[in-house]
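The block underneath contains the structure these notes are about, expressed in structure tokens.
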Amino acid sequence: MIQLGCSLLGSAIADDRSWEMDDYQAATARWCSGCGDHAVLAAVQRFLADLQLPPEETVFVSGIGCSSRFPHYINSYGFHGLHGRALPLATGIKLRRPELQVFVVMGDGDCCSIGAAHWIHTTRYNPNMVALMLDNGVYGLTKNQTSPTSPKGVRSNTQPKGAFLEGMNPIATTLGVENASFVAQTGDWVPDHIYAVLKAAYEHRGFSFVRILQRCPQYTDQLYLNAMRDSNTIELLVHPDGVDVPALKQIYKNEVYHDPADLVNAFRLAQLDDKIRLGVFYRNDDLPVYEEVRRVSPKTADEKIAILNAELDTYAL
Ligand SMILES: Cc1ncc(C[n+]2csc(CCOP(=O)(O)OP(=O)(O)O)c2C)c(N)n1
């Protein structure tokens, strides 16, 4: 007989707890020094503390890769899954437990290569969760193979003479999928911008796809060097329905007022390659979310125990 005693199974905790940033810190991050993943982790922990998300109602799901070590470093529930499979895992969690706050962390290999089918279909399903794609343009954990976002000519162990093709454009790709409902881009070296995008993504109702340009000091140290050194290479997309961070106006002089409801202009901006554009490209809060389309009627604790016992009886000798 199974007893339900744990908060994961829905008992409301009525107390006056509050959380500081440190409360969301789990194991010490083992990423290389200078890796952009550290900055993303700090922004996420700051966001969790500001929004006071209860750790037991928050789940971080990942695939396999350096960036996918994320759930180990956040003090919440977590699922370090299989390479490329973070999105279907997270969708399953959201379908069964729609009240949980679900975050997905993937690398560019994870999302755009082995997990590409899941990326497309999760965008189309539109579950209400946030996906962060940490894009360092390389397979980091396995030590330097070309990824779908590696720019043409960048050398790796698998393409030592340089990547044969232009890197794919994850923003334009996501925008092209039916039911795309939130598509944004930010960079690990602009913490206030990551924070603002994260907050907008979380507040959006639907699948929020956030590409985070992420530095890998080990294998692609040149990739965002210019972007960091020369503020003129960046253009901010600003709008009240997207993000607008006043402090960044001191640093970045190029900005464009872009209404994220305008899909055609979002495409146009996503395809320009004269500058790196940071901000919310597209947002539509009116699309149906998958956990409602596929709603499973809520069950009482007793009904859940009966279901679990029936499952376990399958294996009774
Ligand atoms: C099915 C499967 N194929 C391949 C691998 C080997 N593998 C582990 S991580 C990885 C790539 C990681 O690159 P990325 O997703 O870009 O994340 P990063 O390490 O750069 O953060 C690969 C190919 C695996 N673990 N499982």
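Read the numbers this way: they start at 1 and go in the same order the structure lists the ligands and their atoms. Nothing here was measured: the structure is a model prediction, and the numbers come from that model.
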Revision key, fill the gap. Closest to atom 16 (O) of ligand 1 (heavy atoms only, candidates S68, S62, G137, G109) is G109

Numbered atoms and elements of ligand 1 in range of [X], under 4.0 angstrom, heavy atoms:
X    : result
V138 : 16 (O), 20 (O)
L141 : 9 (S), 19 (O)
G140 : 13 (O), 18 (P), 19 (O), 20 (O)
D108 : 16 (O)
I64  : 8 (C), 9 (S), 25 (N)

Practice item. May I ask whether Y125 and W119 are part of the same hydrophobic cluster, defined by side-chain heavy atoms of I, L, V, M, F, W, Y residues being less than 4.5 angstrom apart, directly or through others? Key: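 Hydrophobic grouping puts Y125 apart from W119.
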
Exercise for review: Examine V289 and F103 and state if one hydrophobic cluster contains both, with Ile, Leu, Val, Met, Phe, Trp and Tyr joined whenever side-chain heavy atoms are less than 4.5 Å apart.
Suggested key: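 No; F103 is not reachable from V289 via cluster members.
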
Look at [atom] and say which protein heavy atom is nearest, naming residue and atom and giving the distance to 0.1 Å.
atom                    : value
atom 24 (C) of ligand 1 : H83 CB, 3.7 Å
atom 15 (O) of ligand 1 : D110 N, 2.8 Å
atom 21 (O) of ligand 1 : S67 OG, 2.8 Å
atom 1 (C) of ligand 1  : I114 CD1, 3.6 Å
atom 13 (O) of ligand 1 : Y139 CA, 3.4 Å

Any N or O of [X] that comes nearer than 3.5 Å to an N or O of ligand 1?
X    : answer
D37  : no
N136 : yes
C66  : yes

Review point. Under a 4.0 Å N-O cut-off, is there an ion pair linking K249 with D244?
Key: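 Yes, charged N to carboxylate O under 4.0 Å.
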
Review point. Is the shortest side-chain N to carboxylate O distance from E56 to R17 below 4.0 Å?
Key: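 Yes.
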
Check whether any side-chain heavy atom of [X] lies under 4.5 Å from a side-chain heavy atom of [Y], and answer yes or no.
X    : Y    : answer
L237 : L269 : yes
W19  : Y24  : yes
L272 : R277 : yes

Practice item. Look at ligand 1 and say whether L134 reaches it with a heavy atom at a distance under 4.0 Å. Key: no

Check your understanding: Between H83 and Y139, what is the ring plane arrangement, given parallel below 30°, perpendicular above 60°, and tilted in between?
Key ->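 Ring orientation of H83 relative to Y139: perpendicular.
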
Exercise for review: For T146 and S156, test the side chains for any donor-to-acceptor distance below 3.5 angstrom and give the result as yes or no.
Suggested key: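 Yes, S156 and T146 have a side-chain donor paired with an acceptor closer than 3.5 Å.
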
Exercise for review: Answer side chain, backbone, both or neither: which part of T142 comes under 4.0 Å from ligand 1, heavy atoms only.
Suggested key: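 Near ligand 1, T142 shows its side chain, while the N, CA, C and O stay back.
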
**Study point:** Name of the residue among S67, S147, S68 meeting side-chain hydrogen bond (donor to acceptor under 3.5 Å, both in side chains) with D110
**Key:** S68

